[in-house]
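We count residues from 1, following the sequence as given. All values derive from a computational prediction rather than experimental measurement.
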Amino acid sequence: MKKNINLYKFNELDSTNDYLERNHKNYEEFDVICAKNQTHGRARRRNDWISMEGMAIFSFFLKERKNWKIEDYLKLPLIAGLATIRGLKGIENLEYKFKWTNDVYLENKKLCGILMEKIDDVYIVGIGINVNNILPGTLKNKAISLTQATNKKYEIDKIVKNIVFEFQILCENLENGLWEDILTEINEINYLKNKEIELKFGNEAVSGVVRDINENGEIEVLVKQDENEKIVIRSFSIGEVFEKIIF
């Protein structure tokens, strides 16, 4: 399954994901679209994504597989997160953490965001990593770049290729029935584990303490069920997570 990784580099695009949505039929699976800048970068739930030169901004796609179930595709954001951490560790071995469902954290700050989208028969993976860029002061308590953590500069192409290569390996492992091993590795770097959070989904919100990510890729949260304060585990496949700050 693993193939050579071709990089197609642009100085500026509206969004690497949007570009692939329009043009994926002109590329092969795992070809990578890279941009120095995005004019209309997007995060999940159609939020804007701040893009700046020095970041690794790229997208690639995975074709639908005849032998995969829908449950397998739901695991792709987790696989993309783990592939990102594996790829980064091959460049700089730091204490990266995976924040369910689509972020990578370093030193309790956001290093990377991932956006997964489907169009036609392909799943597009969009990744934005703070690499050589210096983040503005307004974000210094929320986000971090590799260069701010280490005072080094990095070869972005090498980082990108590392991550896509690891993604290929993990997809192959998933096909070969190794999801439990993948999940164990993800839970070892689970940023939210044992943290008190609020999770919003639709018009609902729950508060509780995070446990593991389960075999379905859902986050498990210990919550109080009723006025008797009975504690139960609830699992969520979607939602926006906010850490509770305790003073």
Side-chain angles (χ1 to χ4, degrees), residues 1-2 5 7 15-17 20 29-35 38 41-44 49-52 54-62 73-117 123-133 135 142-150 152 154-174 178-179 181-193 213 217 219 241:
M1 176 180 168
K2 294 187 290 293
I5 297 165
L7 303 186
S15 153
T16 55
N17 265 35
L20 265 187
E29 185 179 55
F30 300 120
D31 282 351
V32 187
I33 304 302
C34 305
Q38 291 185 132
R42 290 185 289 107
R44 292 176 69 216
W49 171 263
I50 296 173
S51 302
M52 60 183 72
M55 293 178 64
I57 303 169
F58 60 103
S59 298
F60 58 94
F61 66 84
L62 177 82
Y73 296 107
L74 295 175
K75 296 164 184 171
L76 286 178
L78 308 186
I79 284 176
L82 181 56
T84 299
I85 289 174
R86 281 185 171 190
L88 287 169
K89 275 187 169 288
I91 302 292
E92 191 71 71
N93 190 18
L94 303 175
E95 293 297 315
Y96 309 100
K97 297 288 183 179
F98 175 69
K99 183 183 176 185
W100 183 93
T101 57
N102 67 326
D103 293 330
V104 173
Y105 270 53
L106 177 65
E107 299 179 8
N108 293 314
K109 298 175 184 179
K110 185 170 178 175
L111 177 73
C112 162
I114 298 164
L115 177 64
M116 185 82 57
E117 297 180 299
Y123 288 80
I124 297 174
V125 184
I127 300 177
I129 310 170
N130 295 317
V131 180
N132 295 324
N133 53 307
L135 291 148
K142 297 179 180 179
I144 193 170
S145 68
L146 280 183
T147 197
Q148 284 175 305
T150 67
K152 300 179 187 176
Y154 297 91
E155 187 182 335
I156 289 176
D157 289 0
K158 188 175 180 182
I159 290 174
V160 171
K161 286 185 175 182
N162 267 21
I163 291 168
V164 179
F165 180 72
E166 292 291 348
F167 186 88
Q168 291 183 46
I169 291 172
L170 286 166
C171 285
E172 195 170 81
N173 290 347
L174 180 64
L178 298 177
W179 171 241
D181 294 340
I182 295 169
L183 184 59
T184 296
E185 190 174 345
I186 290 169
N187 273 312
E188 287 172 353
I189 51 173
N190 181 358
Y191 173 77
L192 291 172
K193 187 164 184 177
I213 297 166
I219 194 167
V241 174

Distance check, rounded to the nearest 0.5 Å: [X] atom [atom1] versus [Y] atom [atom2]?
| X | Y | atom1 | atom2 | answer |
| --- | --- | --- | --- | --- |
| Cys112 | Met55 | SG | CE | 8.5 Å |
| Gln148 | Asn132 | CD | CG | 10.5 Å |
| Ile57 | Cys34 | CD1 | SG | 9.5 Å |
| Tyr123 | Leu76 | OH | CG | 7.5 Å |
| Cys171 | Ile182 | SG | CD1 | 8.0 Å |

Exercise for the section: Keeping to residues at least two apart or across chains, list the salt bridge (charged side-chain N to carboxylate O under 4.0 Å, His left out) pairs with something in residues 90-102. Expected result: Glu92-Lys152
Handout entry: Inter- and intrachain pairs under salt bridge (charged side-chain N to carboxylate O under 4.0 Å, His left out), touching residues 78-90, at least two apart
Key = Arg86-Glu166, Arg86-Glu185
Contacts of [X] that satisfy side chain to side chain donor-acceptor pair (under 3.5 Å) - sequence neighbours left out:
| X | result |
| --- | --- |
| Asn162 | none |
| Thr16 | Gln38, Ser59 |
| Thr184 | none |

Exercise for the section: Output, in order, the C-alpha distance, side-chain angles, deciding distance and verdict of side-chain contact (heavy atoms from CB on, under 4.5 Å) for Leu178 and Glu172. Expected result: CA-CA 9 Å; Leu178 298 177; Glu172 195 170 81; over 6 Å; no
Would you say the side chain of [Y] lies within less than 4.5 Å of the side chain of [X], judging by non-hydrogen atoms?
| X | Y | answer |
| --- | --- | --- |
| Leu78 | Trp179 | yes |
| Thr147 | Asn133 | no |
| Lys109 | Leu111 | no |
| Leu82 | Ile189 | yes |
| Asn130 | Leu146 | no |
| Asn173 | Asp181 | no |
| Phe61 | Phe30 | no |
| Phe98 | Tyr96 | no |

Practice task
Quick one: do Ile33 and Phe58 satisfy side-chain contact (heavy atoms from CB on, under 4.5 Å)? Show the steps, please.
Solution key: CA-CA 5 Å; Ile33 304 302; Phe58 60 103; over 6 Å; no
Exercise for the section: Using ring pair (Phe, Tyr, Trp, His ring centres under 6.0 Å) as the criterion, list what pairs up with Tyr154, not counting sequence neighbours. Expected result: none
Exercise for the section: List in chain and number order the residues that pass ring pair (Phe, Tyr, Trp, His ring centres under 6.0 Å) with Tyr105, two or more places apart in sequence or in another chain; answer none if no residue qualifies. Expected result: Tyr191
Handout entry: For Lys75, salt bridge (charged side-chain N to carboxylate O under 4.0 Å, His left out) partners two or more places apart
Key = Asp72
Exercise for the section: Please identify each residue that fulfils salt bridge (charged side-chain N to carboxylate O under 4.0 Å, His left out) with Asp157, with sequence neighbours left out. Expected result: Lys9
Completion exercise
The side chain to side chain contact (heavy atoms under 4.5 Å, CB included) partner of Ile156 among Val131, Ile129, Ile91, Leu7 is Val131
Exercise for the section: Apply the side chain to side chain contact (heavy atoms under 4.5 Å, CB included) test between Thr84 and each candidate in Ile79, Ile163, Val125, Ile159; give the one that qualifies. Expected result: Ile163
Practice task
State, to 0.1 Å, how close Pro77 and Met116 come at their nearest heavy-atom pair, and which atoms those are.
Solution key: N-CE, 3.6 Å
Exercise for the section: Taking all non-hydrogen atoms of both residues into account, name the closest pair between Gly126 and Asn17 and its distance. Expected result: CA-OD1, 3.0 Å
Practice task
Please name all residues satisfying side-chain contact (heavy atoms from CB on, under 4.5 Å) with Asn187, sequence neighbours left out, ordered by chain then number.
Solution key: Leu183, Asn190, Asp212, Ile213
Exercise for the section: Would you confirm whether Asn102, through its side chain, and Ile114, through its main-chain N or O, come within 3.5 Å as a donor-acceptor pair? Expected result: yes
